[in-house]
Amino acid sequence: MHELIILGSGAAGLTAAIYAARAELKPLLIEGIVPGGQLTITTEVENYPGFPDGILGPDLMEACKKQAARFGTEFVYGEATQVDFSQRPFKIWVGNDEYQAQSVIAATGASAKLLGLENESRLMGHGVSACATCDGFFFKEKHVLVVGGGDSAMEEATFLTKFASKVDIVHRREELRASKIMQERAKENPKVGFLWNSAIQDILDHGTGKVTAAVLENTKTGEVTEMKVDGVFMAIGHVPNTKIFEGQLDLDEKGYLITHDRTRTKIEGVFACGDVQDTIYRQAVTAAGSGCMAALDAERWLEEQKHAK
Ligand code: NAP
């Protein structure tokens, strides 16, 4: 029996663990499918306070994990596959292993969104990717496409120019959503091009088992063209990892956890923080901040329960 179980090991979960461990709650943290969360599949983090020269995402997360471990957080490597929040103690399963806790912090984050094309999943890892940091290395002197018009697309495209000979950003409109600084950085890069008003209709391999071309549709004229490319990187946003909470916690129309009074969910004793409940900011520092809030809220709530007895 644990006082607190934290689900997720990104910036939110690890910060919650640091605070909860320092409050002597001896939290158990279930790491999830991507230990370290989304920052482990990014490169340079330039906007996290305290690092004037930037820090690599994986390094930042490794440091947070060490800090959480230092104060006594216990880690479980694995993904929570099922939860039962219908009564206390709450139950959480990682495969066949059952864990019980008086309180829970959901910090399961979000995952990269995909277009939903059949060939996209078939060719994933064979020229299709949702992570430039992980796979960019395999595209030395190649021509790749990056789909999306937000900060992620700009960042991925700029990063990929370290390897690829040409990177074209495919955007469905003619106006970018990305912040000005990220736009400028991409636009100034001679290897980066823009395919405006364009959507990927299909990804082809011509029987080779790896990406050889993309079928592009002009979203204004409807014209369809085939372009020879070696890779397609998806950077079209994220979906929250809330499948295991369906039917137990309230989700909004996009599947994000709904919180009230800051980090509380509709179930007393279950709190949520980070990207799994943030539809607006989705930054490393805001995730960390809300992780701190969730830990403080959980600590106070646990204290109240003791006095209520
Ligand atoms: P985002 O801001 O939601 O942008 C997603 C982009 O993908 C949009 O341009 C959108 O087009 C496009 N898109 C979505 N679904 C699509 C579909 N089915 N087909 C084609 N295009 C599609 O997501 P993000 O870029 O991942 O950024 C998320 C958050 O993380 C933001 O708050 C961002 O500031 C932050 N972030 C920050 C940094 C940094 O500061 N270093 C880096 C990465 C991300 P429309 O514009 O037409 O909707």
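We count ligands from 1, going down the list as the structure has it; atoms in each ligand are counted the same way. Everything quoted here is computed from the prediction, not taken from an experiment. Note that these values count all heavy atoms, side chains included, but never hydrogens, waters or copies made by symmetry.
- Between F245 and F85, the two ring planes are parallel [angle under 30°; tilted spans 30° to 60°].
- Within 4.0 Å of ligand 1, protein heavy atoms come from N47, K113, L115, G148, G149, G150, D151, S152, E155, H171, R172, R173, R177, M182, A235, I236, G237, H238, Y281, R282, Q283.
- Within the structure, ring pair (Phe, Tyr, Trp, His ring centres under 6.0 Å) contacts touching residues 136-162 (residues at least two apart or in different chains) are F139-F233, F159-F163.
- With 3.5 Å as the limit, one finds a donor-acceptor pair spanning the side chains of Q38 and H238.
- Remark: R173 pairs with H171, E175, R177 by the side-chain contact (heavy atoms from CB on, under 4.5 Å) rule, at least two apart or across chains.
- Salt-bridge formation is detected for the pair E46/R185: a Lys NZ or Arg NE/NH1/NH2 atom is positioned less than 4.0 Å from an Asp or Glu carboxylate oxygen.
- For D205, the salt bridge (Lys or Arg N to Asp or Glu O under 4.0 Å) criterion is met by R122, not counting sequence neighbours.
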